[in-house]
Amino acid sequence: METTTSPYPLRLTGELSPPLSRGLWLVKWLLAIPHFIVLFFLWIAFAVVSVVAFFAILFTGRYPRGLFDFNVGVLRWSWRVGFYSYSALGTDRYPPFTLDDVPDYPARLEVEYPESLSRGLVLVKWWLLALPQYLVVAVFTGGAWAAWTGTGKEWMWSSGGLVGLLVFFAGIVMLFTGRYPKPLYDFVLGMNRWVFRVAAYGALMTDTYPPFRLDMGGDEPPTGTAPDTVAPMPAPAPS
């Protein structure tokens, strides 16, 4: 019997896209350095925008649309880089340098714009209500990427913790067997989805509390129709 769940305002997808190189993941930390530099400054801006949005919501009950779209873009960019690198290793296609949605990129993220937000809830949701979620996210990410802002700790994209450990195991499996185990991939994507839901909630982008639920799989909701493994680039045929 299938269990139906309500869609969360943040939708995160990741399409495991072959062919995947056996060894490219060993140097993706180097290839992704330009993105890491850009994201460092984007997350500083993300924190500033979240503070401005805090006061806007407090006095008007609305999240300014331009600021909202910018923060969605930062989350989207972070997810693409994480999907390429050490939050998933789900693709070898280099991430684009843009805040906009790229429909043909295998990693996508969207957040539904709220027409109104609670003025009172904004005072407590980012620290008191979200505290249990932060503890869970700390296990997933290792708590390596957190920024202190005027509204509290905004959880940022990270690849440490349990996510990083399992992605490392996936890389080792690919290196020696040439395949990415699909159950492991689904579990990693579920944890990433949880992390970004909490990030959006903590950044005041929704009043919908993140569910304590691991929605696994690359699709949302998961389809469960993909094969068990996806083979990377095949070796050249012998002459």
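We number each residue from 1, following the sequence as shown. As a basis for the values below, the full set of heavy atoms in this structure was taken, side chains included, without hydrogen atoms, waters or symmetry mates.
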(request) Working to the nearest 0.5 Å, report the span between OH of Tyr63 and CG of Asp69. (result) 10.0 Å
(request) Using the rule that two of Ile, Leu, Val, Met, Phe, Trp, Tyr join whenever any of their side-chain heavy atoms come within less than 4.5 Å, decide whether Val167 and Tyr94 are in one cluster. (result) yes
(request) Determine yes or no for a side-chain-to-main-chain donor-acceptor pair under 3.5 angstrom, with Tyr86 supplying the side chain and Val163 the backbone. (result) no
(message) Whether Arg65 engages the ring of Tyr113 as a cation-pi pair (distance to the six-membered ring centre under 6.0 angstrom, angle to the ring normal within 45°) should be assessed.
(response) yes
(message) Closer than 3.5 angstrom, by distance alone: can the side chain of Trp25 be matched with the main-chain N or O of Gly171 as a donor-acceptor pair?
(response) yes
(message) I need the minimum non-hydrogen distance between Lys28 and Thr91, along with the two atoms involved.
(response) NZ-O, 2.7 Å
(request) Using atom types as modelled and distance alone, determine if a side-chain donor or acceptor of Asn192 lies under 3.5 Å from a backbone N or O of Ser87. (result) yes
(message) Tell me every residue that passes salt bridge (charged side-chain N to carboxylate O under 4.0 Å, His left out) with Arg197, counting only those two or more places apart in sequence or in another chain.
(response) Asp215, Glu220
(message) Do Asn71 and Ser50 make a side-chain contact, defined as non-hydrogen atoms from C-beta onward lying under 4.5 Å apart?
(response) yes
(message) Please check this pair: side chain of Tyr185 against backbone of Leu89, looking for a donor-acceptor N/O pair closer than 3.5 Å.
(response) no
(message) Any non-hydrogen side-chain atom of Pro181 less than 4.5 Å from a side-chain atom of Phe169?
(response) no
(request) Could you tell me which non-hydrogen atom of Ala88 sits nearest to which non-hydrogen atom of Tyr180, and how far apart they are? (result) O-OH, 2.6 Å
(request) Could you tell me whether the side chain of Met174 reaches within less than 4.5 Å of the side chain of Arg22, counting heavy atoms only? (result) no
(message) Would you compute the distance between atom OG of Ser17 and atom OH of Tyr105 and round it to the nearest 0.5 angstrom?
(response) 7.5 Å
(message) Tell me if a side-chain donor or acceptor on Arg76 pairs with a main-chain N or O of Leu109 at a distance below 3.5 Å.
(response) yes
(message) For a side chain to side chain contact (heavy atoms under 4.5 Å, CB included) check, start with the C-alpha distance between Tyr201 and Tyr8, then their side-chain angles and the critical distance, and finish with the verdict.
(response) CA-CA 11 Å; Tyr201 182 79; Tyr8 193 74; 3.9 Å; yes
In a table with atom names and distances, give each donor-acceptor pair under 3.5 Å that connects a side chain of residues 53-60 to protein atoms at least two apart or in another chain.
from	atom 1	to	atom 2	distance (Å)
Thr60	OG1	Ala56	O	2.5
Thr60	OG1	Arg62	N	3.2
Thr60	OG1	Arg62	O	3.4

(message) Once rounded to the nearest 0.5 Å, what's the spacing between atom CZ of Phe68 and atom CD of Glu112?
(response) 8.5 Å
(request) For Asp92 and Ser21, indicate whether the former's side chain and the latter's backbone hold a donor-acceptor pair under 3.5 Å. (result) yes
(message) When you group the ILVMFWY residues by side-chain heavy-atom contacts below 4.5 Å and let the links chain together, are Phe40 and Trp79 in the same group?
(response) yes
(message) Using 0.5 Å steps for rounding, measure from the CG atom of Asp101 to the CZ atom of Arg80.
(response) 7.0 Å
(message) When you measure from the side chain of Lys125 to the backbone of Gly202, do you find a donor-acceptor pair of N or O atoms at a distance under 3.5 Å?
(response) no
(request) Would you kindly confirm whether Leu165 and Val195 end up in one hydrophobic cluster when ILVMFWY residues are joined by side chain heavy atoms under 4.5 Å apart? (result) yes
(request) Evaluate the side-chain proximity of Leu31 to Leu24: yes if any heavy-atom separation is below 4.5 Å, no if none is. (result) yes
(message) One pair to check against side chain to side chain contact (heavy atoms under 4.5 Å, CB included): Tyr134 and Val198. What are the steps and the verdict?
(response) CA-CA 7 Å; Tyr134 292 155; Val198 174; 3.8 Å; yes
(request) Side-chain contact test, heavy atoms from C-beta onward, threshold under 4.5 Å: evaluate it for Val102 versus Asp104 and give yes or no. (result) yes
(message) Could you go through Phe70 and Leu42, starting from their C-alpha distance and side-chain angles, then the distance that decides it, and tell me whether this counts as side chain to side chain contact (heavy atoms under 4.5 Å, CB included)?
(response) CA-CA 9 Å; Phe70 174 81; Leu42 284 177; 4.1 Å; yes
(message) What verdict does the side chain to side chain contact (heavy atoms under 4.5 Å, CB included) test give for Leu39 and Val81, after you've listed the backbone C-alpha separation in whole Å, the side-chain angles of each residue and the deciding distance to 0.1 Å?
(response) CA-CA 9 Å; Leu39 283 172; Val81 174; 4.0 Å; yes
(message) Does Phe176 have more than 12 heavy atoms from other residues, nucleotides or ligands lying within 6.0 Å of its CZ?
(response) no
(request) Verify, without hydrogens or angle tests, whether Tyr209 (side chain) and Leu129 (backbone) share a donor-acceptor contact under 3.5 angstrom. (result) yes
(message) Within this structure, what is the CG-CE distance for the pair Leu117 and Met205, rounded to the nearest 0.5 Å?
(response) 10.0 Å
(message) Measuring from atom CG of Leu26 to atom CG of Leu175, what distance do you get when rounded to the nearest 0.5 angstrom?
(response) 6.0 Å
(message) For the backbone of Gly217 and the side chain of Arg193, can you confirm whether one donor and one acceptor N or O come within less than 3.5 Å of each other?
(response) yes
(request) State yes or no: do Leu131 and Phe196 share one hydrophobic cluster built from I, L, V, M, F, W and Y residues joined by side-chain heavy-atom distances below 4.5 Å, directly or via other members? (result) no
(message) Suppose we call two aromatic rings close when their centres sit under 6.0 Å apart. Are Trp194 and Phe140 close by that rule?
(response) yes
(request) Give the minimum heavy-atom separation between Phe46 and Ala203, together with the two atoms involved. (result) CZ-CB, 3.6 Å
(message) Less than 4.5 Å apart, side chain to side chain, heavy atoms only: is that true for Leu99 and Val74?
(response) yes
(message) For the backbone of Pro210 and the side chain of Gln133, can you confirm whether one donor and one acceptor N or O come within less than 3.5 Å of each other?
(response) yes
(request) Answer whether the closest heavy-atom distance between the side chains of Met216 and Met191 falls below 4.5 Å. (result) no
(message) Does the plane of the ring in Phe97 sit parallel, tilted or perpendicular to the ring in His35? Use 30° and 60° as the thresholds.
(response) parallel
(request) Applying ring pair (Phe, Tyr, Trp, His ring centres under 6.0 Å), name anything that partners Phe187, two or more places apart in sequence or on another chain. (result) none
